[in-house]
Amino acid sequence: MSVLEQLNDKQREAAMQLEGPVLILAGAGSGKTRVLTNRTAYMIDEAGINPWNILAITFTNKAAQEMRERIDRLVGFGSESIWVATFHSTCVRILRRHIDLLGYDTNFTIYDTDDSKSVMKEVLKRLQIDTKQYPEKRFLNRISNCKNELSSVEDEERDALGDYADEMFAKVYREYQAGLKKNNALDFDDLLMKTVELFTSFPEVLENYQNRFLYIMVDEYQDTNTAQFELIRLLSAKNKNICVVGDDDQSIYKFRGANIRNILDFEKVFPNAKVVKLEQNYRSTQTILDAANAVIANNSSRKDKKLWTDKGEGEKIRFITVDTAYEEAERIVDLICADKRAGKCDYRDNAVLYRTNAQSRLIEEKCVMAGIPYSVVGGVNFYSRREIKDILAYLKTIDNGKDDLAVRRIINVPKRGIGATTISKLADHAAATGQSFYDCCVAAEEILGHGRAAEKIAEFVELISVFKSKLEFITLEQLVDDILERTDYEAMLEESDPDDAQERIENIGELVNKVVAFEEQNDEPTLSQFLEEVALVADIDNVDENADKVMLMTLHSAKGLEFPNVYLAGMEDGLFPGYMSICADDPEEIEEERRLCYVGITRAMDKLTISAAGSRMIRGETTRNPVSRFVKEIPQELMQGKAPAKMQPKVQPQAGPVKVKPFVTKAKPFAYLTKGSQISSTGAPDYGPGDRVAHMKFGQGTVTEMVKGARDYEVTVDFDNAGVKKMFAAFAKLKKL
DNA sequence: CGTACTAGTCTTTTT
DNA sequence: GACTAGTACG
């Protein structure tokens, strides 16, 4: 019984209930992963359940990986045959086997949001819809919502009757789906919806999986949307052995279609469900838990829970108010530095959490200046960076020429003299004949006739087919290297934007690392498999906790993680809770933000620091915001330092952000941060070789070289902390010291 | 066909 | 303020 001995009474109760529906309401830090893993181990080792009959679903690859590793450590053998995967990858695996029943090819490609946008653009162009009046994003959002709610094109057409806007939407929806299908592609939401469609249209396929997955577990259940709920309901309908783990207080993905009712109504949908509450927290001090409890208590629709710990009171919560966001970043970085110098922590023990990605920039800058190693999670997804998408587009084109978007992306990257007119001629022909774009490239001479254009296309086709023929003999790593070499891709980067070239080349290096890792992890790695894996990664999946770096991330990304020291930055009304949620009529909006705050507070193990700035730049404009209402919901006695008296709202408390005239902040201390402050279009910079200068991102350094270029000076600076950098004077905004 | 400039959007969060 | 897409021009 050793796997159960590691659990407390409540946890054990949840782990031992294998039959029937089980809802585990697991508060933050209550050891839910431990319950899931030990429950699984118990199933296999004690209850004699075949691991092959177990399905465990998570939201991120990271969570899936972690769960599998932990089960591995507990179970003697057999853990590799458990199906542990994310919702999306589970669906992909199922669809790869059966989607032909729905009229798709089983080697479909998965489109990311960028790709979807391109498809939508074409649709709107074809339907002659004015994108100024109806931006593509609005359609895409609505389609996404429909799919999350399992509403098909037909459903929308039926419901639209008579309403002009709804009918137009239904038409766009139909065309968009047709566009995806033509490219043999599915978008993220399709993965779920098509799987549900498959199961409802072909009961024999569903039954096949029902017979396999006798025991189903779902992690982070509070974040499931209707499609995910339906998927689970269908899979478990026959055996009813469904165990879900979640915390309604941590439901923070409503914008993505998550339906909090899924967890709140679990007992109604699954009668006779056993409900277990886990309220003992093993992560945080009592002070932190008291603060979290006090904040979340302000929400109305929730399952009553109260976290407790035997870890002791711990340190008080530190609350810092400063005038500007710059000072906020400085203070946070200083505090981390001081702790590190005093030997109280490693860098990796610290996380700075914020509401919006844009907030990371200032903190990054201060980290660079202070020479602190840091790592930013999120922002622009690694796989959506231009250079990465380019290389992937090459790989997709080589893998199968069916993805028109990929082919068109790289047909003239790097520039090989193929212009817009040539491309649209080929695209028109492809549309008219139903062929793929790449097929038309192969037959370019017949379509375009003899000439320069056809020749250029032929060269491109030749390039791709050389790669294709090599594919069998070389490793994926060699293939990527070969692509880079033959296209002279890096040279193109250097030429087109020297400023970012280095970073982009590093990113490509990172991609190569991932390729190598992929080949090491798989016995028979194929290009298709690699592309598939890459399509479904989230930023959080790539977080390396072992590196000794301060972690910077949004509150959303932080869910599921824990750190000894947590800094919650930008605790201001208007930023967090966001302006939109304050203005919304629906009180549920604020409650969602409050849950996000609860998530943030409960990430902290030992010490929590909260900060607010009197003014900050938001969207290029300086705004003044009062201290966040959430801070005021934390009892005074838990906080260290003064009450937020001087930060009280200045004029009208309820009026939201007050805009301030720009000159207030563009004043002295950061004058060198403003664009073009010391270089006029005609004159030379006021510094030269040998001078000491300051850069907003890299800190201080010495100018070693200055070359006059066509329209600007190219300056080489040896920075004290950031090394030698080459940059253009007009962009670098260097300030002479 | 390629470049350079302009206008417009974004900033709430993401598989 | 930062980035992107679209357009006008060479």
Side-chain angles (χ1 to χ4, degrees), chain A residues 57-64 85-92 110-114 116-118 121 131-132 135-137 141 144 147-148 187-192 220 223-225 227-228 251-258 353-362 377-381 383-384 386 412 414-423 452-453 456 496-497 500 535-541 553-559 570 574-582 584 589 592-593 595-596 599-600 616-623 662 665-666 673-675 696 710-711 731 733:
Chain A
I57 300 189
T58 62
F59 270 83
T60 65
N61 294 298
K62 187 167 185 267
T86 64
F87 270 106
H88 293 267
S89 59
T90 298
C91 290
V92 172
I110 302 163
Y111 274 1
D112 64 18
T113 31
D114 264 11
S116 305
K117 207 168 153 192
S118 308
K121 262 197 191 135
T131 51
K132 296 228 165 70
E136 59 256 41
K137 255 194 86 176
N141 274 334
S144 177
K147 289 180 177 177
N148 286 333
D187 66 17
F188 281 130
D189 304 312
D190 277 336
L191 296 176
L192 294 159
E220 305 281 14
D223 289 330
T224 50
N225 60 34
Q228 289 159 336
S251 169
I252 55 173
Y253 282 108
K254 188 181 170 205
F255 69 93
R256 197 166 79 183
L353 310 181
Y354 36 78
R355 180 66 238 266
T356 66
N357 275 309
Q359 288 169 260
S360 73
R361 219 192 80 231
L362 285 177
V377 180
V380 192
N381 185 307
Y383 290 99
S384 14
R386 193 173 72 215
N412 197 32
K415 304 228 155 43
R416 43 176 78 90
I418 298 170
T421 33
T422 312
I423 293 172
R452 192 189 212 87
K456 298 280 185 194
S496 61
D497 61 342
D500 302 336
L536 296 173
V537 270
D539 281 304
I540 195 72
D541 295 335
M553 68 184 93
T554 62
L555 290 150
H556 281 89
S557 300
K559 193 171 64 145
L575 185 64
F576 185 36
Y579 186 58
M580 298 293 270
S581 65
I582 296 174
E589 300 265 316
E592 173 113 345
E593 297 273 311
R595 289 193 288 269
L596 195 52
V599 168
R616 74 172 65 233
M617 284 277 237
I618 297 173
R619 257 202 260 166
E621 260 179 314
T622 303
T623 50
T665 45
K666 288 202 176 157
L673 293 174
T674 28
K675 202 168 189 168
M696 62 187 291
R711 55 176 54 243
F731 289 102
K733 300 164 212 165

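In what follows, every chain begins at residue 1, and chains take the letters A, B, ... in the order their sequences are listed. For the numbers below, each heavy atom of this structure counts, side chains included, while hydrogens, waters and symmetry mates do not. The structure presented is a predicted model; accordingly, all values stated were derived computationally and were not measured.
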Could you run down the sub-3.5 Å N/O contacts of the protein with nucleotides 3-5 of chain C?
none

Applying side-chain hydrogen bond (donor to acceptor under 3.5 Å, both in side chains), can you list everything that pairs with A/Glu593, at least two apart in sequence or on another chain? A/Arg355
Of all residues at least two apart in sequence or in a different chain, which pass the salt bridge (Lys or Arg N to Asp or Glu O under 4.0 Å) check with A/Glu592? A/Arg595
List in chain and number order the residues that pass side-chain contact (heavy atoms from CB on, under 4.5 Å) with A/Asp187, two or more places apart in sequence or in another chain; answer none if no residue qualifies. A/Ser116, A/Lys147, A/Tyr176, A/Leu180, A/Asp189, A/Asp190
For A/Lys254, which contact category applies under a 4.0 Å heavy-atom criterion: base, sugar-phosphate, or nothing? nothing
Atom pairs under 3.5 Å, N or O on each side, protein against nucleotides 7-10 of chain C: can you list them with distances?
none

Counterpart residues, side-chain contact (heavy atoms from CB on, under 4.5 Å), relative to A/Asn61 (two or more places apart): A/Thr86, A/Val537, A/Asp541
All side-chain hydrogen bond (donor to acceptor under 3.5 Å, both in side chains) counterparts of A/Thr356, not counting sequence neighbours: A/Gln359
A/Lys121 meets the side-chain contact (heavy atoms from CB on, under 4.5 Å) criterion, sequence neighbours left out, with A/Glu136
How are the rings of A/Tyr253 and A/His556 set to each other: parallel, tilted or perpendicular (split at 30° and 60°)? tilted
With heavy atoms under 4.0 Å as the rule, sort A/Asn412 into base, sugar-phosphate or nothing. sugar-phosphate
Can you list the residues that meet the side-chain hydrogen bond (donor to acceptor under 3.5 Å, both in side chains) rule with A/Ser581, with sequence neighbours excluded? none
Who are the side-chain contact (heavy atoms from CB on, under 4.5 Å) partners of A/Pro414, not counting sequence neighbours? A/Tyr394, A/Arg416, A/Thr487, A/Tyr489, A/Met492
Going 5' to 3' through nucleotides 8-15 of chain B and flagging B where a protein heavy-atom sits under 4.0 Å of the base, S where only the sugar-phosphate is that close, and - otherwise, we get --BBBBBB
Go through the structure and list residues passing side-chain hydrogen bond (donor to acceptor under 3.5 Å, both in side chains) with A/Lys62, not counting sequence neighbours. A/Glu545
